[in-house]
Amino acid sequence: MEKGAEAIDVLVRSGMKNQDFCLLLTRHGIVLVPEKGRNEIHPGAFGYASVHIREHDHPSADNIDMAAHSEQNLVIPYDRLKRIHFHRGFSSCTMRREYIILFSYLDASQKERKLSAVLTPPPDRVSGNRLDRIAASKYAMEVKGILTEALPERCVFVADV
């Protein structure tokens with residue numbers, strides 16, 4: 001990855017469907033790169049359960065430029081960001097209390113848009129199929145630090161975590 005670029009896994013609700021994204025913080029803006037996910041059926045204590053499996057495919061240093069110029073990726077330059085609110089709340093994506101990042105930005109036609117992303121920890125933070133609260137809180141604090149360092153001073157960043 002280029003110097004200063006960080007990748008954060010998020011889940012974004014678009015319409016009636018949840019989509020996995022890699023939120024890529026670069027020097028010039030935020031790039032949301034769609035990632036593949038699939039549901040698998042696993043036996044559980046009380047029968048079978050559907051488990052969401054994410055295929056992590058973060059852009060490497062060679063293709064960050066391609067990711068920033070691809071039409072399928074959402075690119076938000078820092079100068080168009082109005083506000084970022086990082087908090088813990090109820091997610092309609094997962095139906096649980098999660099850490100949520102709300103983006104308020106201007107699109108190319110200067111229309112204000114909002115985007116809600118649920119923080120999803122990487123697989124090395126999950127033991128089995130569960131994420132404990134302490135690991136989730138530590139990961140949220142790391143992401144808060146990454147966002148604080150990456151965002152320019154003129155961007156309004158509010159963290160209630």
Side-chain angles (χ1 to χ4, degrees), residues 1-38 52-125 131 135-161:
M1 294 246 220
E2 76 177 38
K3 187 177 185 239
E6 292 285 342
I8 301 169
D9 293 326
V10 294
L11 186 68
V12 176
R13 183 164 196 117
S14 62
M16 296 302 288
K17 187 175 158 185
N18 298 332
Q19 259 188 317
D20 293 312
F21 280 92
C22 167
L23 190 145
L24 192 62
L25 295 166
T26 65
R27 281 180 282 161
H28 304 291
I30 296 171
V31 181
L32 282 162
V33 181
E35 291 189 330
K36 293 181 182 174
R38 66 186 186 282
H52 185 77
I53 305 295
R54 178 188 201 128
E55 297 174 17
H56 296 273
D57 187 24
H58 299 323
S60 64
D62 302 333
N63 51 2
I64 283 180
D65 257 354
M66 263 193 324
H69 292 89
S70 175
E71 289 186 16
Q72 69 178 3
N73 301 339
L74 175 66
V75 179
I76 306 170
Y78 288 135
D79 61 346
R80 292 186 184 260
L81 267 174
K82 295 185 81 177
R83 183 172 197 244
I84 295 180
H85 187 193
F86 185 62
H87 71 284
R88 184 158 189 213
F90 184 77
S91 166
S92 60
C93 293
T94 62
M95 295 301 183
R96 294 186 299 215
R97 287 187 54 82
E98 300 278 1
Y99 291 95
I100 301 168
I101 307 171
L102 298 171
F103 296 94
S104 179
Y105 65 97
L106 298 174
D107 65 3
S109 64
Q110 298 297 322
K111 185 176 180 182
E112 187 171 343
R113 301 275 183 189
K114 295 185 188 262
L115 179 80
S116 175
V118 177
L119 192 63
T120 57
D124 61 343
R125 301 292 178 108
L131 173 72
S137 295
K138 285 181 183 177
Y139 182 65
M141 291 300 121
E142 287 176 28
V143 169
K144 177 184 170 187
I146 291 168
L147 285 170
T148 304
E149 289 176 16
L151 296 174
E153 291 180 18
R154 66 181 174 276
C155 179
V156 177
F157 179 64
V158 179
D160 299 334
V161 180

Any side-chain heavy-atom pair from Tyr105 and Ile30 closer than 4.5 angstrom?
no
With rounding to the nearest 0.5 angstrom, report the CD to CG distance, Glu149 to Leu147.
10.0 Å
Answer yes or no: is there a side-chain heavy-atom contact under 4.5 Å between Tyr78 and Arg154?
yes
Is the closest side-chain heavy-atom distance between Leu106 and Lys82 below 4.5 Å?
yes
Arg88 to Tyr99, cation-pi by 6.0 Å centre distance and 45° axis angle
yes
Work out which heavy atom in Arg83 is nearest to a heavy atom in Val158; give both atom names and the distance.
NH2-CG2, 3.5 Å
Taking the side chain as everything from C-beta on, heavy atoms only, tell me whether Leu74 gets closer than 4.5 Å to Phe103.
no
Measure the shortest side-chain to side-chain distance between Asn73 and Leu24 over non-hydrogen atoms and say whether it is less than 4.5 angstrom.
no
Using side-chain contact (heavy atoms from CB on, under 4.5 Å), reason through Val10 and Leu32 one step at a time and then give a plain yes or no.
CA-CA 9 Å; Val10 294; Leu32 282 162; 4.2 Å; yes
Take Leu11 and Asp20, measure what side-chain contact (heavy atoms from CB on, under 4.5 Å) needs, and give me the verdict at the end.
CA-CA 5 Å; Leu11 186 68; Asp20 293 312; 3.2 Å; yes
What heavy-atom pair brings Phe86 and Lys144 nearest, and what distance separates the two atoms?
CE2-CB, 3.9 Å
Within the 4.5 Å heavy-atom criterion, are Leu102 and Lys114 side-chain neighbours or not?
no
So CD1 of Ile100 and CG of Leu119: to nearest 0.5 Å the spacing works out to 10.0 Å
Residue pair Phe21 / Thr120, side-chain heavy-atom distance below 4.5 Å:
no
